[in-house]
Amino acid sequence: MKPPLPNLSRRSFIKGASLTACGVAASGCSGLFGKSEVRFAVVGLRIRGMQLIRQFLEQGKDESEPWDIPPVRLVAICDVDSEVLAESAMEIEAITSEKVETYNDYQVLLEQKHIDAVVIATPNHWHALQTIWACEAGKDVYVEKPVCHSVWEGRQMVAAARRYKRIVQSGTQNRSDLGLLAAFPRILAGELGPIRHIHGLCYRNRHRIGIQNTPLVPPASVNYDQWLGPADDLPMYRPQFHYDWHWVWNTGNGDIGNQGPHEMDLIRWVLGDPDHPQEVFSFGGRFAWDDAGETPNMQVTSFRLNGVPVTFEVRNLTIDPQTDAAPSYLGWRVGVIVTCEGGQFRGGRGGGFFYDNEGQRMQAFPGDGGGDHMAGFFRAVASRRRSELNSPLREGYLSSCLSHLGNISYRLGNTVSDETLRSSIADDPWLVAAHERHLEQLKAWNLNPAQLEWTRGPLLKFDGASEQFHGDLAAPANALLRRDGRAPYTIPSYA
């Protein structure tokens, strides 16, 4: 598929790329195995699920830019929180004047033969098992990032999708951004020269989640056993039940595994989609907040892919306690900086820019945020051609693994002083510069560098073929690659 020019509309790009295999004719096509429409359900509704539903319902209303997809219908929604489920059903009915089926139990939903596909937007710890169950039930899947909560379960997802011949797309929508589709092939072709370094950025203005002395009691509207699923039944000391699961290892992966998989995916994409890195190192900490969160709010991770050094930064603290602004680097807060011998690309979702070596902007690549991403999934479901997916499951899995491997190094780390950390990274100029940026931000929070306690992880060696660590810390590192799941929500082994 040739990359589109930046000024092409989404509709022109889709038609030019011959992606409308079945068109939008109401009579259907052979790819739909005689059906006249693709019928899908959305699972997990509180934030991302409803965002995807609204996007789907709004697409195509502009007659000048219709959404090129086969006939598709939202027929069901599912959530373990009965209040969220009811509110979502009411909103959908208000928009469409039609009722959708509602399910509290995902396994009951999968028994419905008239549902062809599921869109999974549940918490991270459920993505793998829900995807595998859907594949076993003969459903196609669109699964949000990170597609898996651990490396091993991601491999089982890929194997299950292959065994049951399902269409599975990961929700890394940057792969469908028109600006990036135009820019990245030119970088890969060497237009800016060989890539020397890639910097991934995840600067978000998150906030303290609080802490309480007694365990949190889940809302009465939540089926807590089903919400936990494969996660361990551990006490929670955060005040808010929903969303803040991101910052606890049992259910989330921190921001390197929340926002980060989008940018990790860009890093792999612009390098030609390599497999796993050979080594990984991470340091950081959870500073200033003194809350119930476990994941770092400041984190730096490094690895090599295709021989190229990569540095990834997470900064969740605001610039200082008095402002709600997030920091930035070279004008970007979330995205990638690709440094080549002959210039740079700076950008992310929504496109980006080429710069020369003097920092002068050379060319813009305006993007659209990947608005066609879900439509591409439905076209592939209709045609049964995985080649039409911009972000197939395997790529989403490998990109998610970069986040997981970084977290494993961090979680095996020791507490060190700022001086000790600085000395240990002195040979890597990219890490030194990242550390200095973090230090300046921490100083704005009135934290004394001499009193800082960093978590410095070990440099871990990883064998991509066996997906196992090797070396002195192989045993504890490998233990963090896998979680089988809590009975009866165990994850089946396919690989």
Side-chain angles (χ1 to χ4, degrees), residues 47-48 123-124 144-146 149 199-211 236-240 242-267 282-302 311-337 348-349 400 402-411 413 415 418 421 431 433-447 449 452-457:
I47 297 180
R48 184 56 180 158
N124 300 1
E144 273 298 330
K145 54 74 205 167
H149 185 257
H199 208 116
L201 305 172
C202 175
Y203 295 176
R204 303 295 298 272
N205 56 340
R206 308 276 185 201
H207 298 281
R208 181 179 186 271
I209 67 171
I211 190 169
M236 301 172 290
Y237 291 93
R238 62 183 187 269
Q240 177 175 287
H242 288 298
Y243 194 78
D244 288 343
W245 52 262
H246 277 294
W247 323 124
V248 178
W249 296 120
N250 187 39
T251 49
N253 305 96
D255 234 357
I256 194 175
N258 174 40
Q259 176 64 51
H262 284 301
E263 286 64 55
M264 295 294 191
D265 197 53
L266 294 182
I267 291 167
S282 189
F283 69 86
R286 192 170 184 89
F287 299 105
W289 288 344
D290 189 25
D291 62 5
E294 298 172 343
T295 63
N297 58 16
M298 303 285 273
Q299 184 178 10
V300 182
T301 302
S302 68
T311 307
F312 197 93
E313 286 187 64
V314 169
R315 295 165 73 182
N316 283 168
L317 287 176
T318 57
I319 291 176
D320 62 57
Q322 280 69 50
T323 179
D324 205 36
S328 64
Y329 175 63
L330 294 179
W332 291 86
R333 293 176 174 172
V334 178
V336 293
I337 311 296
R349 185 174 308 159
S400 297
L402 292 179
S403 301
H404 299 328
L405 296 177
N407 276 335
I408 289 173
S409 174
Y410 176 85
R411 294 179 70 180
T415 300
D418 187 72
L421 174 64
L431 291 180
H435 169 254
E436 288 296 330
R437 285 192 292 275
H438 283 227
L439 202 60
E440 288 303 310
Q441 190 172 353
L442 293 173
K443 289 177 182 177
W445 281 76
N446 297 318
L447 297 175
L452 285 177
E453 293 186 338
W454 294 88
T455 296
R456 183 190 62 187

Exercise for the section: Report yes if the side chains of Arg238 and Asp291 come closer than 4.5 Å at any heavy-atom pair, otherwise no. Expected result: no

Practice task
Give me the one residue out of Leu330, Thr311, Ile267 that meets side-chain contact (heavy atoms from CB on, under 4.5 Å) with His199.
Solution key: Thr311

Exercise for the section: Decide yes or no for Ile211 and Asp290: does some side-chain heavy atom of the first lie under 4.5 Å from some side-chain heavy atom of the second? Expected result: no

Fill in the blank from the handout: Applying side-chain contact (heavy atoms from CB on, under 4.5 Å) to Glu294 and not counting sequence neighbours gives Val248, Trp249

Exercise for the section: Output all residues satisfying ring pair (Phe, Tyr, Trp, His ring centres under 6.0 Å) with His149, sequence neighbours left out; order by chain, then residue number. Expected result: none

Completion exercise
Contacts of Phe287 meeting ring pair (Phe, Tyr, Trp, His ring centres under 6.0 Å) (sequence neighbours excluded), chain-then-number -> Trp454

Handout entry: His435 side chain near Phe283 side chain, heavy-atom distance below 4.5 Å
Key = yes

Exercise for the section: Would you please name every residue forming a side chain to side chain donor-acceptor pair (under 3.5 Å) with Ser282, sequence neighbours left out? Expected result: Gln299, Thr301

Fill in the blank from the handout: In short, Gln441 meets Thr318 closest at the heavy-atom pair NE2-O, 2.9 Å

Exercise for the section: Please examine the side chains of Leu317 and His438, heavy atoms only from C-beta on, and report whether any two atoms are closer than 4.5 Å. Expected result: no

Handout entry: Any residue meeting salt bridge (Lys or Arg N to Asp or Glu O under 4.0 Å) with Glu440, in chain and number order, not counting sequence neighbours
Key = Lys443

Handout entry: Heavy-atom side-chain contact between Arg286 and Thr295 under 4.5 Å
Key = yes

Fill in the blank from the handout: Residues at least two apart in sequence or cross-chain that pass side-chain contact (heavy atoms from CB on, under 4.5 Å) with Ser403, listed by chain then number, are Ile256, Pro261, Met264

Exercise for the section: Can you sort out the partners of Thr323 under side-chain contact (heavy atoms from CB on, under 4.5 Å), two or more places apart, ordered by chain and number? Expected result: Ile319, Asp320, Ala325

Exercise for the section: Please report the shortest heavy-atom distance between Gly260 and Phe312, naming the atom on each side. Expected result: CA-CZ, 3.8 Å

Handout entry: Arg437 vs Pro327 side-chain heavy atoms within contact, under 4.5 Å
Key = no

Practice task
Using salt bridge (Lys or Arg N to Asp or Glu O under 4.0 Å) as the criterion, list what pairs up with Arg456, not counting sequence neighbours.
Solution key: none

Problem - Glu436: side chain to side chain donor-acceptor pair (under 3.5 Å) partners, not counting sequence neighbours - result: Arg422

Completion exercise
Residue set satisfying side chain to side chain donor-acceptor pair (under 3.5 Å) with Ser302, at least two apart, ordered chain then number -> none

Problem - Closest non-hydrogen atom pair between Val334 and Glu263, with its separation - result: CG1-OE2, 3.3 Å

Practice task
With sequence neighbours excluded, tell me which residues meet side chain to side chain donor-acceptor pair (under 3.5 Å) with Trp247.
Solution key: none

Fill in the blank from the handout: Rounded to the nearest 0.5 angstrom, the OG1-CG distance for Thr455 and Leu421 is 10.0 Å

Handout entry: Heavy atoms from other residues, nucleotides or ligands near CD of Glu453 exceed 12 (cutoff 6.0 Å)
Key = no

Problem - Side-chain touch Asn258/Lys145, heavy atoms, less than 4.5 angstrom - result: yes

Practice task
Supply the atom-to-atom distance Asn124 CG to Asn250 CG, rounded to the nearest 0.5 angstrom.
Solution key: 11.5 Å

Handout entry: Pairs meeting criterion side chain to side chain donor-acceptor pair (under 3.5 Å) with involvement of residues 200-211, two or more places apart
Key = Tyr203-Glu313, Tyr203-Arg315, Arg204-Gln259, Arg206-Tyr243, Arg206-Asp255, His207-Asp324

Practice task
Please tell me if the side chains of Ile209 and Trp289 come closer than 4.5 Å, counting only heavy atoms from C-beta onward.
Solution key: no

